[in-house]
Amino acid sequence: MAHKAVRVDVSEFSDMFYPLPAGVSPDDHPVWPENIFDGLSEGHVLAEKDIQERFIRAFNSNNLVPGHNLSASSEKPDLEDMGDFKQKVDAAIFKTNLVPSDGRPHWGDQLVPVEFKRHETNQDPFDDSNELKVDANAKTRKEVRGQIISYAEIIFRVQHRIALFMLLVIGRNFRVLRWDRSGTIVTRAVDYVANPHILCEVLWRMSLQSEEQLGVDPSATRLFPEDDDYKLMDILAGQSKTDLAAEERKLKPSELRPNPPTFAYVRELFQASIDPKWTRYRVEVPDGDTTRTFLIGGPSFYARGMAGRGTKGFVAWDRQTGRFMWLKDAWRLDYERMDREGDILKHLNDCNVANVPTLCCHGDIRNQKTKTPDVWEAQHPSPPPASVPPPRSIPVSAPAGIDPGSSHTLVARPSSTMTSRKRSCPENDDNPPENREECPLRCHAHYRIVVEEVCRPLAEFTSGQQLISIVLSCLHAHKDAYVKAKIIHCDVSSGNILILPQVVHVKRTGTYHVVWKGILADWELSKPVGTAEPFTQPRHPLTTGTWQFLSVGMLSSRLKAVEIQDDLESFVHVVLYHAIRYLRSNCEDVGEFIENYFDACTLQNSVYTCGVNKLLTMKLNGYLQVEERVRLKFDSPMDSFFSELLPLFKGLYAVQNYLDGLHETANAPSPPHQPARAPSMSPSSETEVYDALDEEEFGAIVESEIPRATINAPSIHKPTPSEESDAARLDTHDHMIHVMRLVKRRRDWGSDKVGDRVWRLNVPQRPVSHLDVSTEHIAKRVRGDALCAQPFPEWS
């Protein structure tokens, strides 16, 4: 979603965000010289560097923000580059004891960044001449806006922030900005040379605010070298002789560790997180009626961009249990009927769903919510809705004697930490006010969740066989959630399928092994299935999912609800993405294949829909091509995976198209599918360990006869019996699990992983960033070849 701005007057901004403390009146301000900014009277013709130097001199010599100094930082970046950002904001306001002396940004210490620009219209990212639109559209002005957004993004990444204030000086004019995860509040431009008291009063009132009022998160305590917890983190990052290597293997007796062991890669991630470029914190996480604290350094994962959930993932040390865990810090969507991820995860754990994260603790953080939507709403008032929808329900496993399909449900009530400022989705308003635009800003609430598992990204799989095994574990989790917990995931994607090394005991042999299992994470966007009253509306305003892995059906209709077949198709897309990118195949230009299949889209009636290649593969061909009349081949059992499953989706879409046509022409109800006979594949043995573990988890493989599905409908364009049968095999998880088990157990797997086949300097022909799909999808729609580029995956 593009970052949205809301414009206010300077006085209104000050009253909202820089209130005067009790006992302080507006007349208590210092007496400022009338000529305080006379050195900038020619600011409309001065060069940017001259504006910066003169402004800093006037700021510091007149002590405009007592207890703070303005320091230049535009000469060189920090000693350690922050990821791929080599940014140098012009200056920043620092607390006096943290003012740097080396001219570097020191992102972790900045309180208020300050950016200087020449006094030219094309240097102002906002437009006061248009009352209906705040953001300027000219190319150069958009580039400036992108530049200051990147500064805000870095500070939110390095620090723990509720909001960030920024001062933008454009020649003789200034603006004050407030960033949060919903958008930006920006003041109108004011000539501070002609009206010095306006800027001086803003800065004076800023000095009267607490750090929390200036956007610093009080639930995260900054640690310094003299602090005991800071020193403890250094000790924890040191190598330990008891750490266990994560490679798959049979364990020697000398390698057996107390359960659970600490894997070496976990400590290495923690060690990297306390690199000097990162600041260290002790953070709070709610745990029921109590609060737990964790020690963290820099994020192992961070989501790019300012608007949105802003997910950051940390390897955290639990001060209560003395164990490393995974802490996720995010700004969750804050709408009625939106369940918190921890509540969903607890339900999955209570239902004994396999291969999902194990909840440790979670909760909303001190009622911290984004404020930009409130300002937008105040500027666009509307009457309250006529009615409030009832709370939605999450079905739970039925007790003995109760039909699992009955109305036995667990009602999800708002947490005591939530306020009454809960918004319903626009779709919930049956009578929206006329001529009123819906708020373009999403509401977010600050949230943390901690789970026991510290996983590895899916891209670290070591072979095609292991890729199938890991994804199969997650398919098992998806089935368990669907059957036991009555929940469907709705966002099966590369970043949500993770690798968890585990020590397992093979009962058949009595030996212990390190085995890589799959973990299906990020259940925040899931939805319930099988409720007493059909749940037909999304839990927030927009369609959800990760663009590259959404099904053809989801990409072709923004109003479609996620069904089991959609998520099953997403699993196939995840396997294809990693197979084509990392395994040996006859595809010569993998970057182009990824762009055309995963990133591409089609523009129809101003709406972006499924790209041609994915649509042709799933709906028309039922097989993969690298070019016309040349099928994609891996020369491994991976070919069997695709040849067995892709035709099923072709049959599925044939049936769905037929039923859609019937509904449109005759308004006929869609008949239910019945499962069909599973196709036969000749199983062959794999290693004894894989076979034993497979049967312990899934049971013995049984070939069963299943009745064919039939459709009682007119014969015009009627699917063939084979297509009906193929479609029916996707009504449940069972057939896909069956196929994957057989493929995994094949003996003819080889060493087929050859490394990343996407050229890092590959330039996309149709950059995804040029497409604004935010009005239709929550498109975690980054460029496909960047999906695995992060050092650690988001399970957000």
Side-chain angles (χ1 to χ4, degrees), residues 3-20 26 29 32 36-37 40 43-44 51 55 58-59 64-65 70 89-93 111-136 141-142 144-145 147-149 151-152 155 161-180 182-209 213-215 306-307 370-380 440-441:
H3 214 78
K4 303 291 185 179
V6 181
R7 179 173 48 226
V8 298
D9 292 327
V10 175
S11 59
E12 184 181 1
F13 186 96
S14 293
D15 289 341
M16 284 191 292
F17 301 114
Y18 300 152
L20 292 174
H29 66 73
W32 302 296
I36 189 170
F37 295 116
L40 288 139
H44 58 292
I51 296 170
F55 189 95
F59 183 104
L64 294 183
V65 181
L70 180 59
V89 66
D90 289 331
I93 298 173
L111 190 60
V112 178
V114 182
E115 182 68 6
F116 296 94
K117 294 295 178 185
R118 301 187 309 277
H119 193 96
E120 297 176 3
T121 301
N122 66 2
Q123 295 297 300
D124 189 348
F126 306 103
D127 186 359
D128 289 345
S129 66
N130 187 342
E131 290 299 321
L132 299 178
K133 191 169 185 179
V134 183
D135 296 335
R141 300 176 78 174
K142 290 171 70 175
V144 174
R145 187 162 63 250
Q147 180 184 17
I148 61 176
I149 288 174
Y151 297 154
I155 293 177
R161 285 282 189 158
I162 307 167
L164 174 70
F165 293 93
M166 180 182 291
L167 181 62
L168 179 60
V169 179
I170 309 166
R172 288 176 51 127
N173 296 334
F174 82 93
R175 296 182 186 272
V176 186
L177 289 73
R178 181 189 182 276
W179 307 87
D180 64 24
S182 291
T184 314
I185 302 169
V186 57
T187 66
R188 294 180 183 275
V190 174
D191 185 334
Y192 62 88
V193 177
N195 305 280
H197 63 284
I198 295 180
L199 176 56
C200 290
E201 182 174 343
V202 168
L203 296 174
W204 169 64
R205 292 177 68 151
M206 181 189 294
S207 72
L208 302 176
Q209 309 307 307
Q213 289 173 306
L214 292 178
M306 263 302 299
T370 53
K371 294 184 177 180
T372 308
D374 294 335
V375 177
W376 190 97
E377 293 281 2
Q379 294 181 356
H380 304 78
L441 308 174

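Both backbone and side-chain heavy atoms feed into the values below; hydrogens, waters and symmetry mates do not. Keep in mind the model is a prediction, meaning the values are calculated, not measured.
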Next item on the list: Start with the C-alpha gap between V10 and V176, add the side-chain angles, then the distance that decides, and say whether side-chain contact (heavy atoms from CB on, under 4.5 Å) holds.
Entry: CA-CA 8 Å; V10 175; V176 186; 5.8 Å; no

Check: Is there a donor-acceptor pair closer than 3.5 Å between any side-chain N or O of Q123 and the backbone N or O of G171?
Finding: no

Checklist line | Whether D180 side chain and S182 backbone form a donor-acceptor pair below 3.5 Å | finding: yes

Checklist line | Value rounded to 0.5 Å, distance of CD1 in I51 from CZ in F116 | finding: 8.5 Å

Check: Atom CZ of F165 and atom CG of L111: how far apart are they, to the nearest 0.5 Å?
Finding: 10.0 Å

Item checked: Minimum-distance pair of heavy atoms, taken over all atoms of S14 and V202 -> OG-CG2, 3.7 Å

Note to self: So if I apply the side-chain contact (heavy atoms from CB on, under 4.5 Å) rule between I148 and each of M306, K117, M166, which one comes out positive?
What the structure shows: M166

Notebook entry, point to check: In terms of the angle between their ring planes, are F55 and F37 parallel, tilted or perpendicular, with boundaries placed at 30° and 60°?
Noted result: parallel

Notebook entry, point to check: Can you tell which of R175, H119, R118, R145 makes a side-chain contact (heavy atoms from CB on, under 4.5 Å) with D124?
Noted result: R175

Note to self: Assess whether a salt bridge exists between E131 and R188, defined as any Lys/Arg side-chain N lying under 4.0 Å from an Asp/Glu carboxylate O.
What the structure shows: yes

Item checked: Minimum heavy-atom distance between Q209 and R205, given as atom pair plus value -> NE2-O, 2.8 Å

Check: Quick one: does F59's side chain get under 4.5 Å of L203's, heavy atoms only?
Finding: yes

Next item on the list: Can you see which heavy atom on I155 is nearest to which on R161, and at what distance?
Entry: CG2-NE, 4.0 Å

Check: Can you find a pair of side-chain heavy atoms, one from D127 and one from K133, that are under 4.5 Å apart?
Finding: no

Margin query: For the OG1 atom of T184 and the NZ atom of K4, what is their distance to the nearest 0.5 Å?
Written below: 11.0 Å

Check: Going by heavy atoms in the side chains, are F126 and D135 under 4.5 Å from each other?
Finding: yes

Next item on the list: Looking only at non-hydrogen atoms, find the nearest pair between L20 and P26 and report the distance.
Entry: CD1-N, 3.5 Å

Check: Closest heavy-atom contact between P196 and I36?
Finding: CB-CG2, 3.6 Å

Checklist line | Derivation of the side-chain contact (heavy atoms from CB on, under 4.5 Å) call for L167 and L199 | finding: CA-CA 10 Å; L167 181 62; L199 176 56; 4.2 Å; yes

Margin query: Between F174 and V190, is there a side-chain heavy-atom distance shorter than 4.5 Å?
Written below: yes

Margin query: Taking the side chain as everything from C-beta on, heavy atoms only, tell me whether L164 gets closer than 4.5 Å to P113.
Written below: yes

Item checked: Donor-acceptor pair, side chain of N173 and main chain of A189, under 3.5 angstrom -> no

Notebook entry, point to check: Taking all atoms of both residues into account, what is the closest heavy-atom pair of T121 and R141, and its distance?
Noted result: O-NE, 3.1 Å

Check: If we only count heavy atoms from C-beta on, is the H29 to H197 side-chain gap below 4.5 Å?
Finding: no

Next item on the list: Using a 4.5 Å cut-off on heavy atoms from C-beta on, say whether the side chain of K371 contacts that of F17.
Entry: yes

Next item on the list: Without swapping roles, check the side chain of D191 against the backbone of A194 for a donor-acceptor pair under 3.5 Å.
Entry: yes

Margin query: Are the side chains of L168 and P125 in contact, using a 4.5 Å heavy-atom criterion?
Written below: yes

Margin query: For the backbone of W204 and the side chain of S207, can you confirm whether one donor and one acceptor N or O come within less than 3.5 Å of each other?
Written below: yes

Next item on the list: Would you check, one step at a time, whether the test side-chain contact (heavy atoms from CB on, under 4.5 Å) holds for R178 with M16?
Entry: CA-CA 11 Å; R178 181 189 182 276; M16 284 191 292; over 6 Å; no

Item checked: Short side-chain to backbone donor-acceptor contact, D15 and Y18, under 3.5 Å -> no

